[in-house]
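Per chain, numbering begins at 1; letters A, B, ... match sequence-line order.
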Protein chains: 2
Amino acid sequence: MMKCTKCTSADAVMRAGFIRGRQRFFCKSCDYHFTDNKALPAPERKRHQTTISDVAKVLGVAPSTVSRALNGHSDINSNTRQAIIDVARQLDYQPNLLAQSLKSSETKTIGVVIPDIERPFFATAISGIQQVVTEAGYRVMICQSKESYEVEVSNVQALIASRVDGLLICHSRETQNFDHVKPLACRGIPVVHFDRVSNEVDSAKVILDDWNGAFNVTEHLIEQGAQRIAILAGPESLLISRNRLAGYQHALKRNQMPLRPEYEVHIEFQPEEAVAALDAWMALPEPPDAIFAINYTNAFDLLVALKKRGLRVPDDMAVVGFGDEFMASMIEPGLTTVDLHPYRIGQQAARLFLEQMRLKEDFQPRTFVISGDLVIRQSSLKGKGNYFKLEI
Amino acid sequence: MMKCTKCTSADAVMRAGFIRGRQRFFCKSCDYHFTDNKALPAPERKRHQTTISDVAKVLGVAPSTVSRALNGHSDINSNTRQAIIDVARQLDYQPNLLAQSLKSSETKTIGVVIPDIERPFFATAISGIQQVVTEAGYRVMICQSKESYEVEVSNVQALIASRVDGLLICHSRETQNFDHVKPLACRGIPVVHFDRVSNEVDSAKVILDDWNGAFNVTEHLIEQGAQRIAILAGPESLLISRNRLAGYQHALKRNQMPLRPEYEVHIEFQPEEAVAALDAWMALPEPPDAIFAINYTNAFDLLVALKKRGLRVPDDMAVVGFGDEFMASMIEPGLTTVDLHPYRIGQQAARLFLEQMRLKEDFQPRTFVISGDLVIRQSSLKGKGNYFKLEI
DNA sequence: AAAAATACCGGAAACGTTACCGGAAACGGT
DNA sequence: ACCGTTTCCGGTAACGTTTCCGGTATTTTT
């Protein structure tokens, strides 16, 4: 029969059912349950990363002493400290950030949510963010919403669950409801909005000066002699779209030019829509002689479509875009745009996060405005004979 | 005088120095040290996130029971489970991933190291990675080496310190030494190389078929009637550079065309270098009539430079690139390239990681080859009168 | 020489979670 | 009734770290 693990006698032992697949016993004399520990599968030596106690054991000191030594605490003898540091290096000790984070409830990680990393604007913004926060010792976790509200919400939740120290977010095009970011602010987790912001949330923001950029680029077209300027605007739900439209309108008004509703077209940024808009404009009794596309890809779409139709850019039709991607300078003719400085936007957003971490409750949420710079290329220089000439 | 915290009498109490700014006392009768705890600064109610014990307390059960209920363990009554789930939802309980990770030593996070996120190839590859791993419940931590070996090493170390479950890496251009990734493999942390790989490390790899791509694109030029094909190669240290050169050479040989050393130029991908190479070629007694640029940006540089010099593309000089970025289709003339499918590369790398997680030691490192697809556009279609005509 | 101050170290608790295992009650079969 | 079985829950230890605080030895002051 089975021997009791305590009294080692087998007299009072009886079976007591099965538990988790193993036979269970009960010793009446000891009043003690135990299980058949015969085939304990394996000690399963899992790979061990050097810990603070390993270092402590080598030197015969307490783990807390090692911790003090490594963190430059004062309550430690300099000889002891040096010895500990030496052993730690020798054993290739690497502090376990998880344990540290659990203790300090700081992960030294920030979350970034953007619509799409493949868009140069966001890729560059992320570079700016990373440059600033890595200097401050933060790591970056990046999520893409792919312009979906649902994905954005789950992204934010995943980041919260990962206990990020802060959140930098540019909302998806769909996002109208901002309840998913409010809990963050309540819990004291810094939130910084950039590019596409929400006024519903009381957070720090970095926006680009859409109004001014649109105003400037429109005035530039007017200076170039454009008489009838159309605008290829984005979805009316998007704040940036409304702002750019307003800047455009103001430039027209300031120059005593009429606002023509037929020249204002809202699209979802799809190439086919841009082409359709162009066709509609060209069918007008008075077609425009310049187009302001608030999205740079649509500007390219227009250039291609215009060439196909045999129209000369910029003499028959000037085109300007918004957002100075690398491409704008490479195409032919070069596209006049507004450089939005995405890198600076990212940097500034990151700096606002760091500032908020430093000041905590004393931080006053504020909005940073990054102004774009007009970059003039051939696509808007009317009447200068630039078309297909290549004096860049 | 001060009263002893234990015997509450003040008779045998004497001062015993200062410790951490506070007066310290010693009770002789109790043989006990204690400090002046008068002005304990504040209870400092730190923001509390609902924990498993909070839920347990509400229902009067043990934390372990809550854990079992929430993790769908079997040893739990279905009524209890439901009650716990309800309370957890009510209290907005979110498991602390840090604690879970510390316990399980799995972070459900992978690290990705790339040279530069602003390069469309890598941005797209990251999208592919993310698509696959998020489905499997992994988060992604992204680092940029900016083509610096030192930065790459510190990136890898930071990711190890964050205890990522795996590492997907594309080495920097500088990287010749791979000791920083070897410890990972030893520790059983899955490593997957992609694009730029190292044969020194025994890891899974995803590479693109540079040789074949270069071969195909060169044969295409030959088919178009090109007689003297030059190649703008990259640094000789880069494996991809050598492979593409080899593919190019093989295509020439197979077509009984001579290999001319003066047609092979290695550059560091800088625009000025590309222009200089072009000038050198044009100064030759027999200038080339086609150029294969193994880097797509250099292909654009060449197009611009060629136009400035009044040379017609493709009739005077055909140009092909490598890597089918969005831009290649937008410029004029469209650039013939090889689509490298960066999204697929990312996906495949991620899948290899997941497979390695699943199989553990049984996983056999293997190399996946993604073949590129030739995308023919105007820049290589010699003698078809395509130049500046726009039937796309 | 006694009292006070300093310097330095160890032990224990805590962060939030889960795995293991034992206890107790309820249930079932002879 | 008795033994065996099943069900379900609680306690404890552990993951690796840091922080608090008490203890001891040493040095300085009165």
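Two residues, Ser78(A) and Phe26(A), neighbour DNA chain C, and the one matched to the more 5' nucleotide by heavy-atom proximity is Ser78(A). Both Ser64(B) and Tyr32(B) lie near DNA chain D, and the one whose nearest nucleotide falls closer to the 5' end is Ser64(B).
To the nearest angstrom, C1' of dT5(D) lies 11 Å from CZ of Arg15(A). In this structure, Phe25(A) atom CZ and dC3(D) atom C1' are separated by 15 Å, rounded to whole Å. A straight line from CZ of Phe18(B) to C1' of dG22(D) spans 18 Å, rounded to a whole angstrom. Rounded to whole angstrom, the span from the CZ atom of Arg22(B) across to the C1' atom of dA5(C) amounts to 17 Å. Going from atom NZ of Lys57(A) over to atom P of dG11(C) covers 13 Å, rounded to whole Å. In this structure, Glu106(A) atom CD and dT19(D) atom P are separated by 12 Å, rounded to whole Å. Atom CG of Asp54(B) is separated from atom P of dC15(C) by 10 Å (rounded to the nearest Å). In this entry the distance linking CD1 of Ile19(B) with P of dG22(D) reads 9 Å, nearest Å.
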Polar pairs (N or O, both sides) under 3.5 Å between protein and nucleotides 24-27 of chain C?
from: dA24(C); atom 1: N6; to: Arg24(A); atom 2: NH1; distance (Å): 3.3

All N/O contacts under 3.5 Å from nucleotides 27-30 of chain D to the protein, with atom names and distances to one decimal?
none

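Residue side chain Lys103(B) reaches the base of dT18(C) through a donor-acceptor N/O pair under 3.5 Å, judged by distance alone.
Side-chain atoms of Asp31(A) do not come within 3.5 Å of backbone N or O of Lys28(A) as any donor-acceptor pair. In this structure a side-chain-to-backbone donor-acceptor pair under 3.5 Å is present from Ser101(A) to Glu106(A). Checked by atom type and distance alone, the side chain of Glu152(A) pairs as donor or acceptor with a backbone atom of Ser172(A) at under 3.5 Å. Side-chain atoms of Gln23(B) never come within 3.5 Å of backbone atoms of Phe18(B) as a donor-acceptor pair (strictly under, hydrogens ignored). Side-chain N or O atoms of Ser148(A) include one that pairs as donor or acceptor with a backbone N or O of Val151(A) at under 3.5 Å. A donor-acceptor pair under 3.5 Å is formed between the side chain of Gln130(B) and the backbone N or O of Ile142(A).
Scored by the side-chain hydrogen bond (donor to acceptor under 3.5 Å, both in side chains) test, Glu135(A) finds Gln131(A) as partners (sequence neighbours excluded). A search for salt bridge (Lys or Arg N to Asp or Glu O under 4.0 Å) contacts involving Asp86(B) returns nothing, not counting sequence neighbours. With sequence neighbours excluded, the residues forming a side-chain contact (heavy atoms from CB on, under 4.5 Å) with Ser67(A) are Ile52(A), Asn71(A), listed by chain and number. With sequence neighbours excluded, no residue satisfies salt bridge (Lys or Arg N to Asp or Glu O under 4.0 Å) with Lys108(A). Not counting sequence neighbours, the partners of Asp179(B) by the salt bridge (Lys or Arg N to Asp or Glu O under 4.0 Å) test are Lys182(B). Evaluation of the salt bridge (Lys or Arg N to Asp or Glu O under 4.0 Å) rule for Glu150(B) yields no partner, not counting sequence neighbours.
Two end axes, each from the C1' atoms of five base pairs, can be drawn for the helix from dA1(C)-dT30(D) to dT30(C)-dA1(D); they diverge by 50°, to 10 degrees.
Contacts with DNA chain C (heavy atom under 4.0 Å) in residues 65-76 of chain A: Thr65(A), Arg68(A), Asp75(A), Ile76(A), listed by number. Shown for residues 80-98 of chain B: residues whose heavy atoms fall under 4.0 angstrom of DNA chain D, namely Thr80(B).
Ring geometry for His171(A) against His193(A) counts as tilted: the plane angle lies between 30° and 60°, on a 0 to 90° scale.
Gln23(B) comes within 4.0 angstrom of the backbone, heavy atoms only, and of no base.
The ring of Phe353(A) has its center closer than 6.0 angstrom to the ring center of Tyr138(A).
Among Ile110(A), Val181(A), Val192(A), the single residue meeting the side chain to side chain contact (heavy atoms under 4.5 Å, CB included) criterion with Leu167(A) is Val181(A).
At a threshold of 4.5 Å between non-hydrogen side-chain atoms, the residues Val87(B) and Tyr93(B) do not count as touching.
Taking only side-chain nitrogens and oxygens, Asn77(A) never comes nearer than 4.0 Å to OP1 or OP2 of dA7(C). Within the structure, every side-chain polar atom (N or O) of Gln100(A) is placed at least 4.0 Å from both OP1 and OP2 of dG16(D).
Every pair passing side chain to side chain donor-acceptor pair (under 3.5 Å) that includes a residue from residues 153-168 of chain A is listed here, sequence neighbours excluded: Thr107(A)-Asp165(A), Ser162(A)-Arg139(B).
Listed nucleotides dT18(C), dT5(D), dG11(D) differ in distance to Ala16(A); the shortest reach to its side chain belongs to dT5(D). Looking at the side chain of Ala62(B), the nearest of the listed nucleotides dG11(D), dG16(C), dG4(D) is dG11(D).
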